[in-house]
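The block underneath contains the structure these notes are about, expressed in structure tokens.
Start at 1 and go down the list; that is how both ligands and their atoms are numbered. In this text the structure is predicted, and so the values were computed from the model without any measurement. What you see below is based on every heavy atom in this structure, not just the backbone, and it leaves out hydrogens, waters and symmetry mates.
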Amino acid sequence: MIIDTHAHYDDEQFDTDRDELLKSMEAGGIGLIVNAGSTIDSWKKIVELTEAYSFMYGAIGIHPDEVGDMDDVQFSRMSDLLELDKIVAVGEIGLDYYWDKEEHDLQKEWFIRQLGLAREKDMPVIIHSRDAAADTFEIMKQHAAGMKAVIHCYSYSAEMAREYVKMGYYIGVGGVVTFKNAKKLKQVVEEIPLASIVLETDCPYLAPVPYRGKRNTSLYLPYVAEQVAELKGITVEDVIRQTEKNSRELYGL
Ligand code: NI
């Protein structure tokens, strides 16, 4: 089965047809979905989704763009939610210097606090990092050594990907890999072992070709799997089988 390791079905872009869409996942070959947390508001919706659908799991965390809303009360709420059976990771957490919505020091502070919480609870982390390669790498080295992690929507060099793989982390590959101009990510996929790759959508964002620019859903993951297979010169079935295994190991599913 295909596992979507990073989706946002709490997003309002799914408000019109969420139930219908999610009920079509099994027939579309999508076996399990992990819905990542982003805003404080997303948490309640994520828990509800995991309660409503057997194949839906969740992660709770605060995205670097949203850390201005965080305080100790919300942090302790986060800690409580992480105890729920179907909440399997802390995320998405990290640094975003591209949108640069919050001060870098504040982003780092909440990134490190959430890594600490994940370590305390022995849970994997979902890392969001954009235009912040060096700082993310430094913080992961200092605060996440030996932990399970996925670098979601990986956008950096093959060299850095190899470093993350050495640290035991997974590299999240989504729709971008199908884009014509995505030379760097294609190179990453070619160079790192399949045992370190997991598939993801980040839906409703980043739909693969031929749906680029449209609303993304997990049903489009076969296009990502096909591109990975082509780059590695193996069958789609092999990609699906190995990435399922990797995703289960990452999240303990
Ligand atoms: Ni995301």
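At least one N, O or S atom of His8, from either the backbone or the side chain, sits less than 2.8 Å from the Ni ion (ligand 1).
When the shell of 6.0 Å around CG of Asp122 is examined, it contains 12 or fewer heavy atoms from other residues, nucleotides or ligands.
Taking the N/O/S atoms of Asp202 in turn, the shortest distance to the Ni ion (ligand 1) belongs to OD1. Per residue His6, closest N, O or S atom to the Ni ion (ligand 1): atom name NE2. The atom of Glu92 nearest to the Ni ion (ligand 1) is OE2, with the search restricted to N, O or S atoms.
In the model, His63 has no side-chain atom that pairs as donor or acceptor with a side-chain atom of Asp96 under 3.5 Å. For the residue pair Asn216 and Thr201, no side-chain donor N or O sits within less than 3.5 Å of a side-chain acceptor on the partner.
Taking the six-membered ring for Trp, Tyr164 and Phe137 have ring centres closer than 6.0 Å.
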